[in-house]
Amino acid sequence: MDTKTQTMIRMYTQMLRIRTFEERVGELFLKGGTAGSMLHLSIGEESAAVGVGEVMNSGDGFTTHHRGHGIFLARGADPKRMMAEIGGKEDGYCRGKGGSMHIADNDLGHLGANAIVGGGISHVVGAGLTYQYLGKEQVAVAFFGDGAMQQGGLYESMNLAALWKLPVMFVCINNEYGMGTRLDRASASLEFAKRAETFGLNGLEVDGLDVCRVLQDAQELMDGVRNGTPAFLKVDCYRFHGHARKDKSHYREEEEEHKGREKDPIAHLENQLVKNKLVTTEELERIKSQIDNEMDEAMEYALNSSEPETMQRFQDVYAPESPEPLPVDERILQALNDPLS
Amino acid sequence: MDTKTQTMIRMYTQMLRIRTFEERVGELFLKGGTAGSMLHLSIGEESAAVGVGEVMNSGDGFTTHHRGHGIFLARGADPKRMMAEIGGKEDGYCRGKGGSMHIADNDLGHLGANAIVGGGISHVVGAGLTYQYLGKEQVAVAFFGDGAMQQGGLYESMNLAALWKLPVMFVCINNEYGMGTRLDRASASLEFAKRAETFGLNGLEVDGLDVCRVLQDAQELMDGVRNGTPAFLKVDCYRFHGHARKDKSHYREEEEEHKGREKDPIAHLENQLVKNKLVTTEELERIKSQIDNEMDEAMEYALNSSEPETMQRFQDVYAPESPEPLPVDERILQALNDPLS
Amino acid sequence: MSQITYREALRIALQESMREDSTIILMGEDVGHYGGAYGVTKGMIEEFGEKRILDTPISEEGIVGTAVGSAMTGLRPVVELMYVDFVMLAMDQLANQAAKIRYMFGGQISVPMVMRAQGGTGRSGAAQHSQSLEAWMMHTPGLLLAIPATVTDAYFLLKHALKLSDPVVFLEHKMLYTLKGEINTSDSLSWGQAAVLRQGSDFTLVTYSRMVHRALDAAEKLAEIGIQAEVIDLRTLYPLDTETINSSVKKTGRALVVTEDCLTAGVSAELSARIMEGSFEFLEEPVLRLAGEDIPIPVSPSMEKEAVPSVDRIFSTAKLLLRK
Amino acid sequence: MSQITYREALRIALQESMREDSTIILMGEDVGHYGGAYGVTKGMIEEFGEKRILDTPISEEGIVGTAVGSAMTGLRPVVELMYVDFVMLAMDQLANQAAKIRYMFGGQISVPMVMRAQGGTGRSGAAQHSQSLEAWMMHTPGLLLAIPATVTDAYFLLKHALKLSDPVVFLEHKMLYTLKGEINTSDSLSWGQAAVLRQGSDFTLVTYSRMVHRALDAAEKLAEIGIQAEVIDLRTLYPLDTETINSSVKKTGRALVVTEDCLTAGVSAELSARIMEGSFEFLEEPVLRLAGEDIPIPVSPSMEKEAVPSVDRIFSTAKLLLRK
Ligand SMILES: Cc1ncc(C[n+]2csc(CCOP(=O)(O)OP(=O)(O)O)c2C)c(N)n1
Ligand SMILES: Cc1ncc(C[n+]2csc(CCOP(=O)(O)OP(=O)(O)O)c2C)c(N)n1
Ligand SMILES: [Mg+2]
Ligand SMILES: [Mg+2]
């Protein structure tokens, strides 16, 4: 098999892993195994995670948004520990403190999912500064939604990255919606790549239907990033499901949804692979069932992981060198016992 | 005299009034008559205030920044009350509560100078919304410095104005410096008008040396603004003096300063007027001495105005319908007298 | 009147106010076609249209600033922040601008706006979607601050807020939206007055928002073991009705303050200090504070639950206070 | 050692720390070529160069966020906010991000950064350039908070802050930069310990930052009329040394808290509550709070002066407390 085919199959597998993972998150929610319902599935956006993830190296840093499961999987996450975190469990990446919207893993360069729209973008500017300062070859990538294009902090970040020529890439995953608001009702102009250029970045926009094109554009920009020109990439796709688990998307027409879901990067790539006979149906089946097993296991793992000890809530507010916060109950006891103490 | 000449002379007079006012502020400071030293003179930038001010109508709203004396004068301010406010005196526009950085006057449409870089920009978006909502013919203009181009809030404001087609104009007075930092060390790209266009605005950039060109571009944009297309105008000039009263600008070369000060919109217009024989030397002298008198009086007025009663500090925190804050001393007395109360 | 939810009470207050006053507009992320993240404004765009119900981009600083500017020039905007946690992005517009404009400008310009937001724990929203930040606003002169616990108060306080000339921070609680009750039109208290929700002689329990309900539940349980709590719901934090608090404490001699916001430098501190200042000679015991722990809110439901006062902990703390 | 200023002490602390630890960088508006709005970093760019002393655009949110990101990945940034008032633009990065990252990520990632800023009245800076906002930070779990009053503390606290693994908010006072003194290397207290600056038996005066000096001046005057104040400088607000405070109050039986930040929901409230909780049985009088008025700061020098505690008012309040 040539490298290109290998890459395509790898990307296909990764995208399917993401989709299957997200489906299992939905199941886990229905089973009552998640910590709450603020779960944002990235189904339909797999090409952004995988196409960009593919041009990143081990050690590169990145931040994601509230819809970041896929990106982290594309960067090597263990679905078990992710799922456990989504359940708020002890074995999760953040030991049940962060949850879906705050998964992070220092070892894999994941500098954190962020529940503030736009909140993690400037962190990659800082990471890029570190890499540049320490003379490292790493780059840092910020992933965020089209909604974050309306957050002012993004533009401060773009300017800082360009001003200091930092190895930073900004990736906007445009799924056409910010919650119930379609992008054209949130942004007066949709010329995002051009806009980024006026901040001193290289900018491209790509149709997310075709992960190979995403990969290609990401690679082109990444070459610049590694040579001191930060970049902006917009990947156009569609949010297949509601905003969070409880949203039924009543604010959009069925027809639109139907059309939107045709923009399926996985089906598209599968078609290409099959049409060009790059993969056999057996091989595809094998991949699928392997992924199914992997994700079933992850869900099981999450369900079986235990709740954190409740006293752990006082840990990790500060490093051990600083005093832990005193529990309120202890304060009360002290107040009442004061003459004795 | 034709209208054009009349306009030129009016603009000349206004620019000179501004410059003279600012010089008197400097004197007032040396005399100890100002409230503090956070005084930012707009000498060198008169064409922005006057050129744009000229295309505004009575009733139009505007906000300014910390360097906004000139703009307010161009919009009809009484120099006496301005100077008194700069002195923190009772007769000032804000009765000594706001000072140089917070002068405002509802009657003249001045929605406030702002001491937060970028802080007043979104207020004109709100004003524009009001005018549009109430079906008024007014427009709202935000004046700010090149430093504010690096504040994210500006871009949120631009987008909102464009999205809702509000009658709003953004005016960046580029004096090449944000405090001690030259613009090219603060912004990676200087294509500001183009940038504004990617947010859905009309955008222009103009050399502030020639107030007639400022007027022309402002008029062009304002026509669009009054028809639903918000606009951005950058006026290029040079900050003749230090950032605030105590700044000696050690961070810039004398040669640069020298060259910068040659970019003098007043001298330029005076030259034009004289060269083209549009005004006599006597007439010029008359204008100058009238302005000198006016501004001397303003300074005297400020010096003679009294300090506000210190108990006024508890007023205007809330409208009279709400309780005034209780003075700390009264709280203490109440605490100590508690058994009796 | 029939039973309605807290959410509906808010909506009715908005609807009635908007019908009476055409300068009121609503703006915020997804307040229009989506109907509001917590459904408060659901259906309102149908009645009032896109001119008065404005869906905004995700631009907290920009939209609060826009609200400020429109309030300065003749409108009365209600701006919804989806979560109070996001106020951090708009803090300058709220606390440096809205709160100070009347003052800085010497009384010339008013900012009659209402900033609605919801806070609190209970939905596994984790550290950035579960905070109670009322102390910051309370520490900002120039802001008024309402924080209703009941259906009736949701309605009356919001209606009143929409008559005031200053910026009002109006804080709802995410777990109260489905609370049911009637709008009690007869005994509505005036703005700025605390409500004594339960009479009692043994100690005074001062609280607000969601904790009111936990306090009342705990008071029931305490009554069963012979401890009578006087429960006070503050309703507004500015104005703050210290008179009602202190006349109660002077009677009971003991006070317990219960808040969901974290303890240190929180609202509980101010209330404790005010009680001590107002009732020092009458206090049999130190004023106790049962507040949120000084930690970010963890996502795990079991840890989240333990991060804020529960009925049981109010109950047991009251017993300690009474030395029982 | 010779007399140096508070400003110089800060600079020396930065210089020494930067020489020792090459991961320390400085960033902020005009910290480089201008030398810092208040001159703290003057000349440092000559020694350390543009790679380590970074002049930034006017982008508070962006630069604090950049500092957070660089701290997460191996640097130790010191970010200067020119005025603490501007923190409102960076509040999300400070309080939703920096403060919570370690926690949200289950302890995996540290944010060892120092955010320096200066606050307070005294220069006719008016409402947006004169605030004291330490209560907001104190109310944010995850932040450490140092607020030095003396030359020695400016030096030692900053040096210590630059060794810690968590975000430190380091608050200077605009009127202290020219304060002169020696760096007293012998009796330096450890981080988190309050300093008893004056022994006294009649009452305990708890304060920090600029008010320390007013308190000491008032204490001198009080001594002349026979009242002995014990003056405590807190030095850090997290950790907060309640032990030192309460052992003093247990001795004196009376406490006066003096802060420049506005009273309601301010630091004075927390201190008052902590004293009441820790020394209730020992208190002869209510804990008094002499704090900033609950108003925006007016520009007029005469009104500005009256907006915060003065030596005279500390003096007269202490007399009241002692019923003299
Ligand atoms: C600062 C902030 N504002 C609002 C929200 C609430 N919110 C969460 S996700 C979301 C929509 C974000 O849209 P987008 O950035 O396009 O991401 P998507 O959900 O489409 O992936 C909103 C409004 C938030 N979390 N943070
Ligand atoms: C949010 C904020 N950051 C920093 C400052 C301090 N500051 C006051 S003016 C100024 C420079 C502003 O530059 P520019 O916008 O170009 O206006 P100019 O002074 O040149 O007229 C700075 C940094 C401030 N007032 N507000
Ligand atoms: Mg989206
Ligand atoms: Mg400038």
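Just so we're on the same page: letters track the sequence lines, and every chain starts at 1. This one's a predicted model, so the numbers in the text were calculated from it and none came from an experiment.
Between the CD1 atom in D:I58 and the CE atom in B:M149 there is a gap of 12.0 Å [rounded to 0.5 Å]. Of the inter-residue distances, the one linking D:I295 atom CD1 with B:R313 atom CZ reads 6.0 Å to the nearest 0.5 angstrom. Separation of atoms CG (D:L54) and CZ (B:R185) is listed at 10.0 Å; rounding is to 0.5 Å. Here B:H66 contributes atom NE2 and D:Q128 contributes atom CD; the two are 12.0 Å apart, rounded to the nearest 0.5 Å. Between D:L288 atom CG and B:I332 atom CD1 the span is 5.5 Å, to the nearest 0.5 Å. Separation of atoms CZ (B:R252) and NE2 (D:H33) is listed at 15.0 Å; rounding is to 0.5 Å.
Using a 4.5 Å cut-off between heavy atoms, D:R289 contacts chain B through its backbone alone, with no side-chain atom that close. When heavy atoms are compared at a cutoff of 4.5 Å, B:L326 approaches chain D solely by way of its backbone atoms N, CA, C and O. Both the backbone and the side chain of D:L290 come within less than 4.5 Å of a heavy atom of chain B. If you measure heavy-atom distances from D:M82 to chain B, the contacts under 4.5 Å come from the side chain alone. With a threshold of 4.5 angstrom between heavy atoms, B:E90 does not approach chain D through any atom at all. Residue contact with chain D, scored on non-hydrogen atoms closer than 4.5 Å, involves the side chain of B:M101 exclusively.
Contact tally against chain B (heavy-atom pairs below 4.5 Å) for D:A127, D:A291, D:G32: the top residue is D:A291. Ranked by heavy-atom pairs under 4.5 Å with chain D, the first of B:G96, B:G178, B:G118, B:G92 is B:G96. Contacts with chain B were tallied for D:G122, D:P57, D:A37; D:P57 has the most, counting heavy-atom pairs under 4.5 Å. When D:S300, D:S316, D:C262, D:G125 are compared by the number of non-hydrogen pairs under 4.5 Å with chain B, D:S300 comes out ahead. The residue among B:V328, B:T310, B:D316 with the most heavy atom pairs within less than 4.5 Å of chain D is B:V328.
In terms of heavy-atom proximity, B:L336 sits nearest to D:L321 at CD1-N, 4.1 Å. A pairwise comparison of heavy atoms in B:P327 and D:E293 identifies CA-OE1, 3.3 Å as the closest pair. In terms of heavy-atom proximity, B:N337 sits nearest to D:R323 at OD1-NH1, 4.4 Å. Residues B:P308 and D:M303 share a closest heavy-atom pair of CG-CE, 3.7 Å. Minimum heavy-atom separation, B:A35 to D:V299: CB-O, 3.8 Å.
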So B:R331 and D:D294, salt bridge (Lys or Arg N to Asp or Glu O under 4.0 Å) or not? Walk me through it. CA-CA 12 Å; B:R331 283 190 196 287; D:D294 286 325; 3.8 Å; yes

Audit row: D:D55, B:T181, side-chain hydrogen bond (donor to acceptor under 3.5 Å, both in side chains) steps and yes/no: CA-CA 8 Å; D:D55 278 325; B:T181 303; 4.7 Å; no

Please test B:Y251 against D:D30 for side chain to side chain contact (heavy atoms under 4.5 Å, CB included), starting from the C-alpha separation and ending with a verdict. CA-CA 10 Å; B:Y251 42 80; D:D30 287 303; over 6 Å; no

Verify side chain to side chain contact (heavy atoms under 4.5 Å, CB included) between D:E60 and B:V117, making sure each step is shown before the conclusion. CA-CA 10 Å; D:E60 279 77 8; B:V117 169; over 6 Å; no

Evaluate the criterion side-chain hydrogen bond (donor to acceptor under 3.5 Å, both in side chains) for residue pair B:Q151 and D:E61; output intermediate values, then yes/no. CA-CA 8 Å; B:Q151 286 287 32; D:E61 182 184 347; over 6 Å; no

Would you please test D:S124 and B:M38 for side chain to side chain contact (heavy atoms under 4.5 Å, CB included) and show each step? CA-CA 8 Å; D:S124 283; B:M38 293 188 206; over 6 Å; no

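D:S302 and B:E307 share a donor-acceptor pair across their side chains, judged by distance under 3.5 Å alone.
In B:K259, the NZ atom is not crowded: 12 or fewer heavy atoms of neighbouring residues, nucleotides or ligands sit closer than 6.0 Å. Remark: B:E255 CD is loosely packed, at most 12 non-hydrogen atoms of other residues, nucleotides or ligands lying under 6.0 Å away. More than 12 heavy atoms of other shown residues, nucleotides or ligands fall within 6.0 angstrom of atom CD in B:E324.
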